[in-house]
Amino acid sequence: MTQTSENVTWLTQEAYNQLRSELDYLSGPARTEIAKKIEAAREEGDLRENGGYHAAKEEQGKQELRVRQLTQLLEHAKVGEAPADNGVVEPGMVVTIAFDGDEDDTLSFLMASREYASADIETYSPQSPLGSGVNGKKVGEDAQYELPNGKTATVKILAAKPYSG
């Protein structure tokens, strides 16, 4: 679970351990594997026409970017508990909203850092327009946020429960 405030990202112990494990793998065994792929491709000859070499170098670049992202995230991480189940929208909560007060047109999402996004539930960052609009609101309250076209949308908070994974 993540909750971002300024440059601090709050993580549950489980999320911290998961991200730490990914970082350890990428900066250890994965680096060795990609270096071997690059060396093997380099030995094939002309690098200008060597697709395997260029693909391995691109993979290495993506991997190193992820290492930098994880390093920065974990350097500023604070490990803590999940948010309280008090009906107040905050990072780490699964929020259900109704668009324009229409309780048939609803959306449930996890409000958390994109680092915690999963295929199980849609994730909105607290810094996103919707996330910042609903952050701090209570169940039953209305919230407004700006749409990409510059118009303002109103949603009603129907539920806010701590994410349980």
Side-chain angles (χ1 to χ4, degrees), residues 1-31 34 58-165:
M1 198 66 44
T2 62
Q3 151 179 353
T4 306
S5 169
E6 300 299 317
N7 288 334
V8 174
T9 300
W10 291 92
L11 300 168
T12 59
Q13 188 64 54
E14 178 186 358
Y16 179 88
N17 293 348
Q18 179 183 359
L19 294 172
R20 180 84 239 173
S21 176
E22 181 183 355
L23 177 60
D24 291 345
Y25 170 73
L26 289 175
S27 57
R31 268 192 181 142
I34 196 70
E58 185 175 325
E59 183 181 340
Q60 181 185 42
K62 288 177 183 177
Q63 190 173 298
E64 290 304 317
L65 174 61
R66 181 68 176 155
V67 166
R68 286 193 303 276
Q69 289 171 333
L70 287 171
T71 300
Q72 182 178 16
L73 177 74
L74 294 174
E75 279 177 1
H76 299 288
K78 300 281 186 216
V79 177
E81 293 303 311
D85 188 359
N86 58 8
V88 176
V89 176
E90 63 179 299
M93 304 290 272
V94 174
V95 182
T96 303
I97 57 171
F99 293 96
D100 295 320
D102 178 0
E103 296 197 18
D104 290 329
D105 186 11
T106 64
L107 170 68
S108 292
F109 63 91
L110 170 63
M111 190 153 88
S113 165
R114 301 302 290 167
E115 293 297 327
Y116 206 71
S118 76
D120 299 334
I121 186 167
E122 199 162 345
T123 304
Y124 284 84
S125 159
Q127 290 79 26
S128 70
L130 177 58
S132 62
V134 300
N135 198 13
K137 298 288 186 186
K138 293 183 174 104
V139 171
E141 290 183 341
D142 286 340
Q144 293 187 330
Y145 68 101
E146 190 173 323
L147 297 169
N149 65 9
K151 294 183 179 179
T152 301
T154 301
V155 296
K156 182 175 186 143
I157 311 300
L158 300 178
K161 296 280 183 195
Y163 180 64
S164 59

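This chain uses plain numbering: 1 for the first residue, then up along the sequence. What you see is a predicted model; the values in this text were computed from it and never measured.
- Within the 4.5 Å cutoff, no side-chain heavy atoms of Thr152 are placed close to those of Leu147.
- Taking 4.5 Å as the limit, every side-chain heavy atom of Val134 sits out of range of all side-chain heavy atoms of Tyr145.
- Note: Leu74 CG to Glu22 CD = 9.5 Å, rounded to the nearest 0.5 Å.
- A heavy-atom distance below 4.5 Å is not found between the side chains of Arg66 and Lys62.
- For the atom pair Leu23 CG and Tyr16 OH, the distance stands at 9.0 Å (nearest 0.5 Å).
- For the atom pair CD of Gln60 and CD1 of Ile34, the computed distance is 6.5 Å after rounding to the nearest 0.5 Å.
- At a threshold of 4.5 Å between non-hydrogen side-chain atoms, the residues Lys138 and Ile157 do not count as touching.
- The heavy-atom pair separating Val67 from Ser27 by the smallest distance is CG2-N, 4.3 Å.
- The distance from atom CG of Leu26 to atom CD of Gln69, rounded to the nearest 0.5 Å, is 10.5 Å.
- The side-chain heavy atoms of Pro29 and Asp24, taken from C-beta on, include no pair separated by under 4.5 Å.
- Between the side chain of Ser132 and the backbone N or O of Ser128, at least one donor-acceptor pair lies under 3.5 Å.
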From CA spacing to verdict: side chain to side chain contact (heavy atoms under 4.5 Å, CB included), Leu110, Val95: CA-CA 6 Å; Leu110 170 63; Val95 182; over 6 Å; no
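- Counting only heavy atoms from C-beta outward, the side chains of Arg31 and Gln63 approach each other to under 4.5 Å.
- Ala98 and Leu158 make their closest contact through CB-CD1, 3.8 Å (heavy atoms, listed as atom of the first residue, atom of the second, distance).
- Side-chain contact check for Thr106 versus Ile97: every heavy-atom pair is 4.5 Å or farther apart.
- Thr96 has its side chain out of reach of Phe109: every pair of non-hydrogen atoms, C-beta onward, lies at least 4.5 Å apart.
- Counting all heavy atoms, side chain and backbone alike, Thr123 lies closest to Ala112 at CG2-O, 3.6 Å.
- Nearest heavy-atom pair across Val89 and Ala160 is CG2-CB, 4.0 Å.
- Closest approach of Gly136 to Val88, counting heavy atoms only: O-CG1, 3.8 Å.
- Checked by atom type, the side-chain pair Tyr124/Glu122 shows a donor-acceptor distance below 3.5 Å.
- Heavy atoms only, all atoms of each residue included: Asp142 and Lys156 are closest at OD1-CB, 3.5 Å.
- Distance check: Phe99 CZ to Asp104 CG gives 13.0 Å after rounding to the nearest 0.5 Å.
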